[in-house]
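Read through the structure below, which is laid out as structure tokens, and then see the notes.
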Amino acid sequence: MPRINRGKTTKLSIRLSGLAKENIDKAAKNLGVSAAAVILFELTKILENPPSKSHIQDIDFRKTITLERKHFVVTINEALSEKINNLAEDYGMKKVSLIGYMVSEIFEDRKEEEKENTDPKRLMVQTNENLKKKMIEYSEKHYIPLGLLVSYCILQGPSEERPTYDEGEVDTFMTHVPQYIGDMIKEQAEERYMREHFYTSSCIYKQFMLPGGRFYS
């Protein structure tokens, strides 16, 4: 499948709290991706339904989250940049603090324990061609590594119903996931008397193709 043109990009500078940055770094190590990828993964979801202006203003007024002075820079596309610019204007805040509060709040509430066996493992994913297309489009649109999407789906577990598709042929692609995720696929598939590729496909199907899934649309 041809690579999708991401279009023009820009830099987004944000400030994070110390605890948030620590948990982001742990998550990045656990998932074998950059800290920027982890931030974009959550920011994309946050901006689908951002916290209210009053909530962010309350955080800023009460200083319940303390942002460090150092800036963290991530690359984003023009569409996301425009959404953030409009939000900053509506909230009457600088982007560097507004997005910093939103991202920091998510990661301050999350306890990240460092995983063992995080070396990259090559994984073949077998799924429906239309689901593969949907995954790649999401990955390219939001600058989120395909392996991170697969890892997230595996960590959420398989669908309770058998994957079914209206059309499309079986297709495959290769990606990398941390070794412990590869081990998890093997263990969980054995427990369920399933083939590993079917277990993986079921986990992805749950998040992309079923209502309630993180990437369902």
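Along the sequence shown, residues are numbered consecutively beginning with 1.
Side-chain atoms of Y143 and L80, non-hydrogen and from C-beta on, never get closer than 4.5 Å to each other. Side-chain contact between M135 and V125 is absent, with no heavy atoms from C-beta onward closer than 4.5 Å. The shortest distance between side-chain heavy atoms of N128 and P163 does not fall below 4.5 Å. No side-chain heavy atom of I14 sits under 4.5 Å from any side-chain heavy atom of L43. Residues E108 and N23 fail the side-chain proximity criterion, which asks for heavy atoms closer than 4.5 Å. S97 places a side-chain heavy atom less than 4.5 Å from the side chain of R15.
More than 12 heavy atoms of other residues, nucleotides or ligands sit less than 6.0 Å from atom NZ of K134. The neighbour count for R110 CZ, taken as heavy atoms of other residues, nucleotides or ligands under 6.0 Å away, is above 12. Within 6.0 Å of the CD atom in E169, the count of heavy atoms belonging to other residues, nucleotides or ligands does not exceed 12. The 12-atom threshold is not exceeded at CD of E116, counting heavy atoms of other residues, nucleotides or ligands nearer than 6.0 Å. The environment of K186 atom NZ is sparse: at most 12 non-hydrogen atoms of other residues, nucleotides or ligands sit within 6.0 angstrom. Dense packing is recorded around CD of Q156, with more than 12 heavy atoms of other residues, nucleotides or ligands lying under 6.0 Å away.
Cation-pi geometry between R214 and Y152 is met: the NZ or CZ atom falls under 6.0 Å from the ring centre, inside 45° of the normal.
Contact record, F208 with C153: CE1-SG, 4.1 Å, taken as the closest heavy-atom pair. Of all non-hydrogen atoms in M102 and I56, the two that sit nearest each other are CG-CD1, 3.9 Å.
The residues D25 and K29 are annotated as not salt-bridged, no charged nitrogen and carboxylate oxygen being separated by less than 4.0 angstrom. Ionic pairing of E129 and K133 is not present here: no N-O contact between side-chain nitrogen and carboxylate oxygen is shorter than 4.0 angstrom.
N77 and K141 share no side-chain donor-acceptor pair at under 3.5 Å.
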Name each donor-acceptor pair under 3.5 Å that joins a side chain in residues 63-76 to protein atoms two or more places apart or in another chain, with its distance.
unit_1: K63; atom_1: NZ; unit_2: D60; atom_2: O; d: 3.3
unit_1: K63; atom_1: NZ; unit_2: D60; atom_2: OD1; d: 3.4
unit_1: H71; atom_1: ND1; unit_2: S13; atom_2: OG; d: 2.8
unit_1: T75; atom_1: OG1; unit_2: K11; atom_2: NZ; d: 2.8

Using residues 175-184 as the side-chain source, report each donor-acceptor pair under 3.5 Å to any protein atom, sequence neighbours left out, with the distance given to one decimal.
unit_1: T175; atom_1: OG1; unit_2: G147; atom_2: N; d: 3.3
unit_1: Q179; atom_1: NE2; unit_2: D183; atom_2: OD1; d: 2.9
unit_1: Y180; atom_1: OH; unit_2: N30; atom_2: O; d: 3.0

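The side-chain contact (heavy atoms from CB on, under 4.5 Å) search around T44 returns Y138, H142, I144, not counting sequence neighbours.
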Go through the steps for F215 and I204 under the test side-chain contact (heavy atoms from CB on, under 4.5 Å), then give the verdict. CA-CA 9 Å; F215 315 110; I204 295 171; over 6 Å; no
